[in-house]
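Written out below as structure tokens is the structure these notes cover.
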Amino acid sequence: MIVGVPKEIKNNESRVGMTPAGVFELVKNNHTVYVQSGAGEGSGFFNHDYQRAGATILDTIGQVYAMSDMIVKVKEPIAEEYALIQKGQIVFTYFHFASSEALTKAMIESKSICIAYETVEDEDGTLPLLTPMSEVAGRMAIQQGAKYLEKPVKGRGVLLGGVPGVAPGRVLVLGAGVVGIQAAKMAAGLGAHVTILDVNMKRLRHVNDIMPPHVVTEFSNEFNIRKHIKTHDLIIGGVLLKGAKAPNLITKDMLKDMRPGTVIVDVAVDQGGCVETTRPTTHENPTYIVDDVVHYCVANMPGAVPYTSTVALTNVTLPYVLKLANTGWRTACKLDKSLGKGLNIVEGDIVYKEIAKAFQWEPVLA
Ligand SMILES: NC(=O)c1ccc[n+]([C@@H]2O[C@H](COP(=O)([O-])OP(=O)(O)OC[C@H]3O[C@@H](n4cnc5c(N)ncnc54)[C@H](O)[C@@H]3O)[C@@H](O)[C@H]2O)c1
């Protein structure tokens, strides 16, 4: 198969769909890989790295789309890319169709095979191609939170780890899922005291089993949240209700109970946030202050660490890329049920019913 890796052209996107290691594996399996010149630069992978791994560098994005059977990328195609996608071409990337009717219509018209990272689903309901980005965001939440606790950026002036003779900072983590556990682990590693809340007892039992004793679990309810926000320096929002807006666990009236300079990192901002005063921010301008509380609400946190994010993402996408290339999409999706769930639009038909539901269209099930 001929596999194409275009450069991402969405604003501020530095990740790339394949690393030189991926190229190496594909070439070893007798496939051809075309990489657009400069595609990996934002993530620290240069043309010569790809060439050494066996790829051919093409100058333009148009050439990559025109010459490839399968396109492997990161973000959903943007308007400039719609016309480049070929009939029958496999496009393997994040699509998030339900949030864009224009993209959905364009991909239907393209008659391509759209396999969406975000709907590839394991038997236990987990989403293996979303997990690494939550891991990055969860770990990064503590790094950012620690920074914004510093006084010059309006934080409380607390060092999370404390020092001998001074108690460590206190971190409250809402949600013990992927983001929450990674955040708790990083905070605990710095020596902070961590309280982690969830409504799922299985998650709390798991955290209790694997974390050191200065990570304390409690059930998530309004009483406990109101109690803890008064004494914690950094609050991490990592809750998720699948397919729904995040619940507002911290309402505006609660901000006045927090100490000035408390920092909230609301990772769940991409689902509306779990804090009433959350609004999406960017890496250029990541924070704002409401009632003396610092809010960090960047909706694409992994974008700030493209090297780590690219490698983390491609580690989990590559096995699927290899299956698609080795056997073709029909066989690969038949044999691997998780991958099959990634099929969203096939040759003009929506096969993932939630997309049709989002726009109140009739689904055509394969
Ligand atoms: N901002 C970013 O850049 C970024 C990056 C990655 C993920 N995210 C987002 O982070 C959020 C969390 O993702 P995840 O992968 O950790 O999800 P997850 O499903 O692994 O974990 C969510 C947890 O929230 C818990 N929860 C639900 N209701 C709760 C409540 N009322 N109180 C406390 N806990 C509750 C669930 O039981 C679950 O354990 C999602 O919205 C995800 O989209 C954001």
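Owing to the predicted nature of the structure, the values given are computational and were not obtained by experimental measurement. In what follows, every heavy atom counts, from backbone to side chain, and hydrogens, waters and symmetry copies are set aside. Start at 1 and go down the list; that is how both ligands and their atoms are numbered.
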Look at [X] together with [Y] and state whether they make a salt bridge at an N to O cut-off of under 4.0 Å.
{"X": "Glu13", "Y": "Lys73", "answer": "no"}
{"X": "Asp198", "Y": "Arg203", "answer": "no"}
{"X": "Asp292", "Y": "Arg156", "answer": "no"}
{"X": "Arg139", "Y": "Glu135", "answer": "no"}

Residue pair Val316 / Pro128: nearest heavy atoms and the distance that separates them: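 So the two residues come closest at CG2-O, 3.9 Å.
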Asn12 side chain near Glu284 side chain, heavy-atom distance below 4.5 Å: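 Yes; the side chains approach each other to less than 4.5 Å.
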Those protein residues which place at least one heavy atom below 4.0 Å from ligand 1: Met133, Ser134, Ala137, Gly175, Ala176, Gly177, Val178, Val179, Leu197, Asp198, Val199, Asn200, Arg203, Ser220, Gly238, Val239, Leu240, Leu241, Leu249, Val267, Ala268, Val269, Asp270, Gln271, Val298, Ala299, Asn300, Met301, Pro302
